Amino acid sequence: MRMILVGPPGAGKGTQAAELIDRLRIQHLSTGDMLRAAVAQGTALGKQADGHMRSGGLVPDDLVIPIVIERIKEPDCQNGFILDGFPRTQPQAEALDRALDAAGVTLDAVVLIEVPDDLIVERITGRRMDPQTKIIYHLRFNPPPAEIADRLEHRKDDTEEACRARLGKYHSETAPIIPYYEARGLLRRIDGVGAPKDITVRTFQALGLA
Ligand code: AMP
């Protein structure tokens, strides 16, 4: 299975990707994770990406496209992958198509997780990650156990200001690619409001995995 997860920041793409890779045993390719790793390692890419990420902007296409195109050629992606957070622009979508065409493979599905904007800000600002398990909690909706509270991380771009900028970019740059996939019959729309486990059920049903 080769699929894309699309949705605004905080829609639950990472959470649902974790459930899907557990079930399907395919690679989870999150451009946000790849870019955060590059920033943490202080690579040239990380240095160029950092400012864009902190402010809630998009990292330029010419930096992001090559990392994904190279990654999906790796042997561990030959059985399939979930792209989480890519493509986010029309040029990214077209570059992905060209790479898949060149490899002689096709996309199986594009899952769009829909959540209204007013819920997103509340979800994002309360989001915390356990760096040891990578589990994502929410201070109110999914509180972490007290004993791990001290080690939880708050992403630099999970502030209200950066969140609003990211939502703006989602609507102006990413939402316009949705019709591109809808026209090809690949789009599966999921209502992303509710408990994570209910959204997993909806996602599996939409993919014919339930
Ligand atoms: P995410 O973890 O998917 O929310 O991504 C965090 C940040 O990384 C985004 O707000 C962007 O600054 C950057 N980023 C991740 N994926 C992309 C992409 N496909 N294109 C451009 N920037 C990206």
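In this text, all values refer to a predicted model and were calculated from it rather than measured experimentally. Each ligand, and each atom within it, is numbered from 1 in the order the structure gives.
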| Nearest-0.5 Å distance that lies between atom CZ in R128 and atom CG in L139 | 4.0 Å
| said: Rounded to the nearest 0.5 Å, what separates atom CG in L167 from atom OG in S172? | reply: 10.5 Å
Show me, pair by pair, the donor-acceptor contacts under 3.5 angstrom made by side chains of residues 174-181, not counting sequence neighbours?
| from | atom 1 | to | atom 2 | distance (Å) |
| --- | --- | --- | --- | --- |
| T174 | OG1 | R88 | O | 2.8 |
| Y180 | OH | D97 | OD2 | 2.4 |

| What residues, two or more places apart in sequence or in another chain, satisfy ring pair (Phe, Tyr, Trp, His ring centres under 6.0 Å) together with F204? | none
| said: With a 4.0 Å heavy-atom cut-off, what residues sit around ligand 1? | reply: T31, G32, L35, R36, M53, G57, L58, V59, V64, G85, F86, R88, Q92, R155, D157, R166
| query | Going from CZ on R123 to CD1 on I120, what distance comes out if it is rounded to the nearest 0.5 angstrom? | reply | 6.0 Å
Throw together a table of side-chain donor-acceptor distances under 3.5 angstrom for residues 34-47, partners on residues two or more places apart or in other chains.
| from | atom 1 | to | atom 2 | distance (Å) |
| --- | --- | --- | --- | --- |
| R36 | NH2 | D33 | OD1 | 2.8 |
| T43 | OG1 | A38 | O | 3.4 |
| T43 | OG1 | G46 | N | 3.0 |
| K47 | NZ | G42 | O | 3.1 |

